[in-house]
Protein chains: 2
Amino acid sequence: MTFNFFNIFTFLHMAKQKDNPAENKKGESYLTHVAFDSVVFGFSGEKLKILVMEYHNTGLFALPGGFVGLKENLNAAVRRGLKERTGLSNIYLEQCYVFGDVKRHQPAVLRKIIKANGLAADDKHWLLDRFISVAYYALINYSKVKLQPDTLSDSCEWYDLDAVPKLMLDHNLIVQKALETLRKNLDEKLLGTNLLPLQFTMKQLQQVYEAILDEKVHRTNFQRRMLASGLLIRTEKQFLGKAHKAPYLYQFVK
Amino acid sequence: MTFNFFNIFTFLHMAKQKDNPAENKKGESYLTHVAFDSVVFGFSGEKLKILVMEYHNTGLFALPGGFVGLKENLNAAVRRGLKERTGLSNIYLEQCYVFGDVKRHQPAVLRKIIKANGLAADDKHWLLDRFISVAYYALINYSKVKLQPDTLSDSCEWYDLDAVPKLMLDHNLIVQKALETLRKNLDEKLLGTNLLPLQFTMKQLQQVYEAILDEKVHRTNFQRRMLASGLLIRTEKQFLGKAHKAPYLYQFVK
DNA sequence: ATTTTATTGTCTCAATTTGATACAATAATA
DNA sequence: TATTATTGTATCAAATTGAGACAATAAAAT
């Protein structure tokens with residue numbers, strides 16, 4: 001088994017019971033009370049999707065998340081986590097909100113996960129402690145992703161945004177907040193392009209906008225606005241053998 | 001001395017050395033590794049100001065901040081802190097960013113503060129540990145504030161935004177980020193009105209905008225835009241004995 | 001009492017942006 | 001060669017914005 005400490009199960013496996021700091025068997029330690037969760041957006045088949053993990057034998061779904069190394073930048077920890085899950089570096093990533101309510105502390109839920117994996121759920125296990133979670137959203141090129149299934153048998157899959165299951169703790173709320181933030185920031189630097197391959201047609205970009213905003217946009221006005229932004233470079237035409245005019249491919253200016 | 005645990009000095013005083021959780025002599029405990037800092041904006045004399053604390057005998061300036069009780073919501077902790085400093089409840093408050101870089105961990109600075117106050121700065125003192133800080137910005141009615149000077153002799157004063165001294169750690173960066181966020185959000189629900197008394201003239205509101213954006217705005221177009229928002233109620237005229245037409249007073253719709 | 005001063009509130013008009021539609025161009029197919 | 005399903009651009013009215021004109025007015029100056 002390869003070491004993958006982004007995964008909470010691996011982490012459970014390795015964590016020794018220690019008050020502070022939390023330490024795994026490789027001697028690596030993490031900040032207590034601090035966690036992060038990522039809402040990873042992808043775009044495929046005209047739909048917006050996010051990554052959701054399923055914890056085995058528990059029926060529990062959750063966002064991919066993790067913990068911060070004692071000597072690790074918070075943002076770096078999140079990137080490390082995303083790398084583990086998707087294989088991608090250089091992901092577009094933004095903070096979104098910090099969830100810090102007491103009611104999100106539900107040791108019973110964590111205990112269920114721990115037990116379902118045959119681990120000792122001592123009452124003093126540090127993972128049963130309260131955590132503040134820093135939520136991020138990430139925009140990735142769906143087609144480049146290689147989801148890495150986990151050694152401890154939980155899965156990590158794409159779910160259509162409109163078909164996300166009930167997630168543990170406040171994770172559905174986190175998804176909501178991430179989507180809100182994404183919508184608010186959408187026009188900054190044509191954010192949506194992060195969800196597409198290097199080159200894309202205007203129609204694809206429009207579909208990304210429509211998926212995120214959950215509303216139709218006017219085609220020609222959208223095109224006018226995108227071109228006027230000066231952030232798109234027009235490259236060659238894309239011939240797909242369809243019986244109509246071939247669209248241009250565009251790419252984001254570097 | 002009254003107990004004021006928003007203040008880091010008071011906290012230093014009361015904190016016993018304990019790994020986790022940190023506990024003061026009243027038996028109250030706080031989350032380790034988690035802190036918050038507030039950029040408190042006020043408006044007076046046509047200028048935007050923020051609250052800055054000065055740590056005595058150290059030459060160190062800092063933003064007001066604090067820690068989160070074990071059974072306390074993060075947002076509630078920040079409000080508690082603001083109440084202590086300003087005497088105000090119901091403050092407009094927003095999260096702004098989480099600062100989580102390793103390089104912000106500078107135990108030498110904290111040690112200096114601790115020593116300057118005649119406290120034991122044991123190497124294992126929990127305050128010398130690394131903290132993630134959740135930054136907030138607050139908008140308050142300057143005239144309503146009663147700054148509460150602290151029993152442990154640090155001060156808390158207003159500084160013009162363009163004359164903020166060098167602050168400890170990354171606090172100047174936090175101010176920058178808060179200002180950016182404020183600018184981005186300024187138009188939502190006439191945010192600026194939170195910096196003014198219940199009733200205000202259009203000119204005052206304009207000055208708030210100009211102070212925040214650091215640029216002049218066109219008077220009549222500004223007025224048109226504000227009135228068109230439908231969020232302002234016009235009340236009586238304000239007679240200040242000046243040799244010109246008296247302006248109307250407005251207030252934000254509730 | 002009348003004029004002056006400094007500001008306020010409203011109006012106007014051109015410039016720009018936006019919304020909606022028309023229409024020509026064009027790959028591949030029939 | 002005509003047809004089909006787009007795509008890219010142009011057009012025009014409607015709405016918004018930028019800049020300035022101007023009348024109203026509260027108090028001071030004359």
Side-chain angles (χ1 to χ4, degrees), chain A residues 43 45-46 183-184 186-190 192-193 196-253, chain B residues 43 45-46 183-184 186-190 192-193 196-253:
Chain A
F43 179 77
E46 304 184 27
R183 282 178 181 156
K184 240 189 344 209
L186 187 54
D187 278 333
E188 295 178 6
K189 297 281 190 173
L190 304 194
T193 57
L196 292 170
L198 179 65
Q199 302 201 124
F200 47 85
T201 65
M202 197 58 82
K203 178 168 206 165
Q204 286 179 295
L205 186 56
Q206 181 179 343
Q207 286 171 337
V208 165
Y209 270 72
E210 291 178 337
I212 292 173
L213 300 175
D214 193 28
E215 60 186 33
K216 292 287 172 202
V217 307
H218 190 109
R219 181 181 66 91
T220 64
N221 295 336
F222 177 78
Q223 179 142 340
R224 177 173 61 189
R225 187 159 66 91
M226 290 300 114
L227 293 177
S229 78
L231 296 172
L232 292 182
I233 297 170
R234 176 177 288 180
T235 66
E236 74 271 25
K237 285 190 166 192
Q238 180 196 53
F239 297 93
L240 289 179
K242 295 291 179 59
H244 55 75
K245 191 172 178 179
Y248 286 103
L249 287 169
Y250 298 87
Q251 63 183 57
F252 188 71
V253 295
Chain B
F43 179 76
E46 304 183 28
R183 282 177 182 158
K184 244 197 327 217
L186 187 53
D187 278 332
E188 295 178 8
K189 297 281 192 173
L190 303 193
T193 57
L196 292 168
L198 180 65
Q199 302 201 123
F200 47 85
T201 65
M202 197 56 82
K203 177 167 206 164
Q204 286 178 294
L205 186 56
Q206 181 179 344
Q207 287 171 336
V208 165
Y209 269 72
E210 291 177 335
I212 292 173
L213 300 175
D214 192 29
E215 60 186 33
K216 292 287 172 202
V217 306
H218 190 107
R219 181 182 67 88
T220 63
N221 294 337
F222 177 79
Q223 179 143 340
R224 177 174 59 190
R225 186 158 67 91
M226 292 299 113
L227 293 178
S229 79
L231 296 172
L232 292 181
I233 297 171
R234 176 178 288 179
T235 66
E236 76 270 25
K237 285 190 164 192
Q238 179 195 56
F239 298 93
L240 290 179
K242 296 292 181 55
H244 56 73
K245 191 173 178 178
Y248 286 103
L249 287 169
Y250 298 87
Q251 62 183 59
F252 188 70
V253 295

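Side-chain atoms are counted along with the backbone in the values below, which use heavy atoms only and exclude waters and symmetry mates. Numbers restart at 1 for each chain; the letters A, B, ... are given by sequence-line order, proteins then strands.
When each of A:Leu240 and B:Arg219 is assigned the nucleotide of DNA chain C with its nearest heavy atom, B:Arg219 is the one assigned upstream, toward the 5' end. Nearest-nucleotide assignment on DNA chain D puts the 5′-proximal partner with A:Ala243, out of A:Leu227 and A:Ala243.
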Task: Residue pair A:Leu232, A:Val253: steps toward the side-chain contact (heavy atoms from CB on, under 4.5 Å) verdict - done: CA-CA 6 Å; A:Leu232 292 182; A:Val253 295; over 6 Å; no

Open item on the list: Applying side-chain contact (heavy atoms from CB on, under 4.5 Å) to A:Phe43 and A:Ile212, what does each step give before you reach the verdict?
Closed with: CA-CA 10 Å; A:Phe43 179 77; A:Ile212 292 173; over 6 Å; no

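In this entry the distance linking NE2 of A:His218 with P of D:dA14 reads 16 Å, nearest Å. For B:Gln238 and C:dT7, the CD to P distance is 14 Å, given to the nearest whole Å. What separates CG of B:Asp187 from C1' of D:dT17 is a distance of 14 Å, to the nearest Å. In this structure, A:Arg234 atom CZ and D:dT7 atom P are separated by 13 Å, rounded to whole Å. The separation between A:Phe239 atom CZ and D:dT6 atom P is 17 Å, rounded to whole Å. If you take CZ of B:Phe222 and P of C:dT10, they are 15 Å apart, rounded to a whole angstrom. Distance CE (B:Met202) to P (D:dA24): 21 Å, rounded to an integer number of Å. In this entry the distance linking CD of B:Gln206 with C1' of C:dT7 reads 12 Å, nearest Å.
Closest to the side chain of A:Asn221, out of C:dA28, C:dG19, C:dG9, is C:dG19. If you check C:dA22, D:dA5, C:dT8 against the side chain of B:Lys245, the one that comes closest is C:dT8. For B:His244, the listed nucleotide lying nearest its side chain is C:dA6; candidates were D:dT25, C:dA6, D:dT7.
Residue A:Arg224 places no side-chain N or O under 4.0 Å from the OP1 or OP2 atom of C:dT16. Within the structure, a side-chain polar atom (N or O) of A:Lys237 is placed less than 4.0 Å from OP1 or OP2 of C:dA27.
A distance-only check finds no donor-acceptor pair linking the side chain of B:Gln206 to the backbone of B:Gln223 [under 3.5 Å].
More than 12 non-hydrogen atoms from other residues, nucleotides or ligands lie less than 6.0 angstrom from NZ of A:Lys237. Few gaps surround CD on A:Gln238; more than 12 heavy atoms of other groups in view lie less than 6.0 Å from it.
Using a 4.5 Å heavy-atom cutoff, the side chains of A:Phe252 and A:Leu196 are not in contact.
A donor and an acceptor atom, one from each side chain of A:Gln199 and A:Thr235, are located under 3.5 Å apart.
Using a 4.0 Å heavy-atom cutoff across all strands shown, B:Thr220 reaches at least one base atom of the nucleic acid. Among the protein residues, B:Arg225 comes within range of no part of the nucleic acid, since none of its heavy atoms lies under 4.0 Å from any strand.
Taking the screw axis at each terminus of the helix from C:dA1-D:dT30 to C:dA30-D:dT1 from five consecutive base pairs, the angle between the two is 30° to within rounding of 10 degrees.
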